[in-house]
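In what follows, a structure is listed as structure tokens, so that the remarks can point back to it.
Atoms within each ligand, like the ligands themselves, are counted from 1 in listed order.
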Amino acid sequence: MKRVFSGVQPTGNLHIGNYLGALKQFVELQDESECIYCVVDMHSITVPQDPKELKKHTLDIAALYVAVGIDPKRSIIFAQSEVAGHAELNWVLTCSSYTGELSRMTQYKQKSRGEESAPAGLFMYPVLMAADILLYDTDIVPVGDDQKQHIELTRDLAIRVNNKYGETFVVPEGRFLKSGARIMSLDEPTAKMSKSAESEMSRISLLDEPSKIKKAIMRATTDSEGGVRFDVENKPGISNLLTIYSSFSGKDIAEIEKDYEGRGYGDFKKDLVTITVDALAPIKKRFEEVRNSPELVAILKDGAERANAIAVPVMERVKERFGLGI
Ligand code: ATP
Ligand code: LTN
């Protein structure tokens, strides 16, 4: 059985882009692999966080993992900072990384904007991510294509260490999400749907109230041509709504186009509201149950224990290869 590892940062509520692009796949992978899903709280402190909010968000993401269908018995769900190996391996890998390759990471360049006061943690972010992955002898890492460069670095580091110190790490592979799973902003459909975008109407969060979902969809940017047709170039708004419709309903886009032939955007949007509200309702319900129950902390504790049991022997192997310890 292949081992899968992925992580989500506990920053704000997840939106349907995160769900359709990432979490839905996390759930599906459980049938064919041994899955480890982490809430990467140490990554989120690469930019300032309010401590109380951070703790709350960590529990929120863990509860969402369960609410979308990740089964804590089959899969491991845990918080990164609860397993010491992440920080330990991070240092060892730091010493095998080059400042040149780290300064070429586009995410770092975008987020630091060349400022003197950019947190050094932003610079080291990809090394900690490599540590997350390599600590579990991971085979497959499901992520969005924005993470491609980080996965390449992880592979480079694994190969570099293996060549220098002898077989130490499994060299992982990224599994990049299909282009259909790139959900765009509702009010600006040429930008991706994002947690950090200012406008609330740009996204639908998994825990939004039906009234907010309705408002965001009914106001979503379309075009003046009319015709429910998939054409990303000329009709990015309607194409994005078609992708969301198709993902939630399981219907092919061609089939949906046919259903709405000769009908206006109003009808289509109204139905999309119903489909989206219905798809999110069970997630929201389950979230509330899990988030408010003592079960959640028990899941995370059990997850951390199981994760640690995999991580400790890997870390011992690493220390042995590097000559660390007594
Ligand atoms: P931000 O919106 O602040 O840039 P984010 O929403 O991208 O953050 P992450 O925690 O970086 O959130 O992403 C979690 C996962 O969701 C990643 O695998 C990412 O590729 C995926 N993802 C994020 N946004 C989208 C989107 N609009 N469509 C599809 N997948 C997405
Ligand atoms: N950088 C990732 C989050 C992340 C991750 C990981 C994903 C941190 N560590 C390990 C996969 C494997 C992001 O922003 N989506």
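Electrostatic pairing of R291 and D60 counts as a salt bridge here, judged by a charged N lying under 4.0 Å from a carboxylate O. Ionic pairing of K284 and E209 is present here: one or more N-O contacts between side-chain nitrogen and carboxylate oxygen are shorter than 4.0 angstrom. Under a 4.0 Å N-O distance rule, the pair K301/E82 does not qualify as a salt bridge. Looking at D145 and R182, a side-chain N of the basic residue comes within less than 4.0 Å of a carboxylate O on the acidic one, giving a salt bridge.
Of all heavy-atom pairs between G227 and K235, the closest is O-NZ, 3.1 Å.
Within 6.0 Å of CZ in R104 there are 12 or fewer heavy atoms belonging to other residues, nucleotides or ligands.
Contact atoms of ligand 1 toward I183: 26 (C), 27 (N), 28 (N), 29 (C) (distance under 4.0 Å to a heavy atom of the residue). Near D146, the atoms of ligand 1 lying under 4.0 angstrom from a non-hydrogen atom of the residue are 20 (O). Every atom of ligand 1 is numbered from 1 in the order shown, and the set under 4.0 Å from a heavy atom of R182 is 28 (N), 29 (C). Contact atoms of ligand 1 toward A22: 15 (C), 16 (O), 18 (O) (distance under 4.0 Å to a heavy atom of the residue). Annotation for ligand 1: atoms under 4.0 Å from non-hydrogen atoms of G21 are 29 (C), 30 (N).
With sequence neighbours left out, the side-chain hydrogen bond (donor to acceptor under 3.5 Å, both in side chains) criterion links N13 to no other residue.
In this pair, Y165 and F322 present their aromatic rings parallel. The plane angle is below 30°, not in the 30 to 60° band.
Residue V8 places no N or O, backbone or side chain, under 3.5 Å from any N or O of ligand 1.
Near ligand 2, heavy-atom contacts under 4.0 Å come from F5, S6, G7, Q9, V40, H43, Y125, M129, D132, I133, V141, V143, Q147.
Residue H15 places a heavy atom less than 4.0 Å from ligand 1.
Residue pairs meeting the salt bridge (Lys or Arg N to Asp or Glu O under 4.0 Å) criterion with at least one member in residues 109-126, sequence neighbours excluded: R113-E115. Residue pairs satisfying the salt bridge (Lys or Arg N to Asp or Glu O under 4.0 Å) criterion with at least one member in residues 252-261, sequence neighbours excluded, are listed as follows: K251-D259.
With a 4.0 Å heavy-atom cut-off, ligand 1 is reached by the backbone of S194 and by its side chain too.
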